[in-house]
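Please read the structure below before turning to the comments.
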2 protein chains.
Amino acid sequence: MSKRRISIEDIARRAGVSHSTVSRALRDNSLISPKVREEIKQIAKEMNYVPNAIAQSLQNQRTNTIGVVVTSIADPFYAEVVEGIEKVAKSTGLSVLLSASHRDFEQEIAAIDTFHRRRVDGILVADSRINKHHTKQLEQIAVPTVFINSQTEDQPDIFHSVEINDRLGAKLAVEHLISLGHTSIGYLGVGDRSRSNQQRLEGYRMALTEAGLPQSNNWVAISDEDNVRISDVATGQQLLSKLVIAGVTGIFCYNDMIAIGALLGCQELGISVPQDLSIVGFDGIALSRYVTPPLTTICQPMLEIGSSAMQMLLDLLEEKSVENRVLSPFLVKRGSSAAVNKGRRQEAEGRR
Amino acid sequence: MSKRRISIEDIARRAGVSHSTVSRALRDNSLISPKVREEIKQIAKEMNYVPNAIAQSLQNQRTNTIGVVVTSIADPFYAEVVEGIEKVAKSTGLSVLLSASHRDFEQEIAAIDTFHRRRVDGILVADSRINKHHTKQLEQIAVPTVFINSQTEDQPDIFHSVEINDRLGAKLAVEHLISLGHTSIGYLGVGDRSRSNQQRLEGYRMALTEAGLPQSNNWVAISDEDNVRISDVATGQQLLSKLVIAGVTGIFCYNDMIAIGALLGCQELGISVPQDLSIVGFDGIALSRYVTPPLTTICQPMLEIGSSAMQMLLDLLEEKSVENRVLSPFLVKRGSSAAVNKGRRQEAEGRR
DNA sequence: ATGAAAGCGCTAACAT
DNA sequence: ATGTTAGCGCTTTCAT
């Protein structure tokens, strides 16, 4: 299987030159005469020479590799983000090492540490749990790092970031429901993504306040932080009834998976969407288009989040100065939201 | 940013020993006295030493890295497979380089080539297009390689593989429809995944033949190979009407995305599933559970496909002998399939 | 235009 | 138990 690999020394021997000549020839160094250069390239091809990127990396102090940490590879949201990352990485000759953190601080640190040992040129971390307290322990990482939708409240300013404007997204969602005539609007959130959940909750409240609409603690349901073992879908399904009992006619969900859980919950309870209840999600994952009814949602430009984080990393590698980016999400209206229907709603309530 | 990194020489100098002593101490070599060993480890920690995996790789002729090629990172099926791969890779201290081929032969080769240059210890390729004709060009890869659900008819036998039993899966699907009383059963396939499509088609035919049921070319619709730019969902949606017109009461779809397209098509045409038409998918992606009605489908054990391919690779790395694996898919009955309803069906036809 | 030699950071065989 | 030396495969001065 592993007959030793061909090296430039082997080629040099065959060509009757020194190995440095071979190195130069293969790299199109202008010092080498065109003739020998071609000869050497020919021999290299005949011998099936494949340059050893490890040796090059050691010498060049550059691995042309970046590390990417996501919560889960199978998460449809981050899968799309990684797709965007990989695309621009590939176009610049960079390879990507991928690792999953499962929203666990320890695993996130372990992944970064591995990347560090492997001397990646840069790191991208999605949904990071790292905050200022850990800065000390991490500042010697000395590798350009970009955070994507960081979950940390106060982010170390030595790092860079690409974020979605969660508050704006939430406002857009709630304003949409308001424009449809809803006045009792609920929020279905998660307990284990502190920052984004907080921001979306704020956007939700802000929209209600600006519209002069009432608020109530009964209209807000957020999953227990410790209860996060279960999936977002299950969370949405479980928490739905609380809001339904509280009498909301529209619900803004933390994300699409929660919203789908809510949709499922509605089926169980015999509530029809959007006639009896309007539901709005967040993220815009492919799935949101295919459920019934198709989900009205706040779309994040997932590919762009990935590609622009990667682009930022490239700029950092070239020592350009970069500015943190905050991208704007946008509303996509689909079938799960409709004008409020007070009659139907009350009738539905009476039925219970 | 990049103040030079601490090396074992730096530690050696501080500790007043030679760099090889440091190397040994850090690796718990028993030759080093416990006392100096601890001293050295202490100093290393103080200096924030991070071993250079690149230098280790060059010396050890092992990168502890594997390369994974999938058609698309955002593909929900392969995302799940990669999740399985990464999990066992991480547990054995291996890192994974990920690359997308987009079902394109050139890109697949390019990715493998990059892995080759980077001296990965092993390679996993999903949906490979490589066949015996390319063996010559690839046999010097000399890196343990495992194919996952290869798309190639005659696979080079120097490579190993983990596959799903497509024919069995298709049979299961069709037998399920038959057991529900369906006698006119269609197949909705794809033109750009030659092998798996072929196998599933065979399984479909086999089941019909064994049951003594009629077959018809009008009951089989397969997308043009050149028309593959469009998504599987769109394919399913477009091709549906042909089978409907041909009068089938049940359809087995190449995969879940096609099936979802078919579901969408049914909505457009006012056909209710499963009352008027039963639909069965293939893959068992998360999505299949959440559409309406939830999709009856043939599940592939995605995580297991990933982990067992990875396990096979590990065995190969330890020079154990391995055997190719063929995993069995299984039927999951959900709402999209039901007993045939001839009355309703004919009525629906009359309506048109 | 080409070769000799040093060195990237590490491991390991060979001294002692 | 520790130091010396020689690589791993490459790039890059510095000679010539």
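Note on naming: letters A, B, ... go to the chains in the order of the sequence lines (proteins, then strands), and numbering restarts at 1 for each one.
Checked by distance alone, B/T21 brings no side-chain donor or acceptor within 3.5 Å of a matching partner on the base of D/dA1. Taking 3.5 Å as the limit, the base of C/dG3 and the side chain of A/R24 contain a donor-acceptor pair of atoms between them. For D/dT2, its base never sits under 3.5 Å from the side chain of B/H19 at any donor and acceptor pair.
Nearest heavy atoms, A/P144 versus A/L313: O-CD1, 3.5 Å. Here the closest non-hydrogen pair linking A/A25 and A/R37 is O-CG, 3.5 Å. Taking all atoms of both residues into account, the shortest heavy-atom contact from A/E323 to A/M312 is O-CE, 3.3 Å.
Atom pair B/I8:CD1 and C/dG9:C1' shows a separation of 6 Å (rounding to whole Å applied). We find that CZ of B/R62 is positioned 15 Å from C1' of C/dT11, with the value rounded to whole Å. Rounded to an integer number of Å, the gap from CZ of B/R5 to P of C/dC10 is 11 Å. Here the P atom of nucleotide C/dT11 and the CD1 atom of B/I11 are 11 Å apart, to the nearest Å. The CD-P distance, from A/Q61 to D/dT12, rounds to 12 Å in whole Å. Between A/I40 atom CD1 and C/dA1 atom P there is a gap of 14 Å when expressed in whole angstrom units. The interatomic distance linking B/E9 (CD) with D/dT5 (P) rounds to 13 Å, in whole Å.
Using modelled atom types, one side-chain atom of A/N324 and one backbone atom of A/S161 make a donor-acceptor pair closer than 3.5 Å. Within the 3.5 Å criterion, the main-chain N or O of A/Q151 finds no donor-acceptor partner in the side chain of A/D127.
Between B/I6 and B/N48, the closest side-chain pair of non-hydrogen atoms is not below 4.5 Å.
Contacts between residues 51-58 of chain A and DNA chain C, defined by a heavy-atom separation below 4.0 Å, involve A/L58, listed by number. Listed in residue order, the members of residues 26-37 of chain A having a heavy atom less than 4.0 Å from DNA chain D are A/R27.
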Which donor-acceptor pairs under 3.5 Å do the side chains of residues 92-101 of chain A make with protein atoms, sequence neighbours left out?
| residue | atom | partner | partner atom | Å |
| --- | --- | --- | --- | --- |
| A/T92 | OG1 | A/V88 | O | 2.8 |
| A/T92 | OG1 | A/A89 | O | 3.0 |
| A/S95 | OG | B/R118 | NE | 2.7 |
| A/S95 | OG | B/R118 | NH2 | 3.1 |
| A/S99 | OG | B/E86 | OE2 | 3.3 |
| A/S101 | OG | A/V70 | O | 3.4 |
| A/S101 | OG | A/R103 | N | 3.3 |

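In terms of phosphate contacts, B/S18 brings no side-chain nitrogen or oxygen within less than 4.0 Å of OP1 or OP2 of D/dT2.
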Checklist entry - salt bridge (charged side-chain N to carboxylate O under 4.0 Å, His left out) between B/E9 and B/R13: does it pass, once the steps are laid out? => result CA-CA 6 Å; B/E9 315 255 6; B/R13 213 168 299 124; 5.1 Å; no
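Using a cutoff of 4.0 Å between basic side-chain nitrogens and carboxylate oxygens, A/K87 and A/E83 are not scored as salt-bridged.
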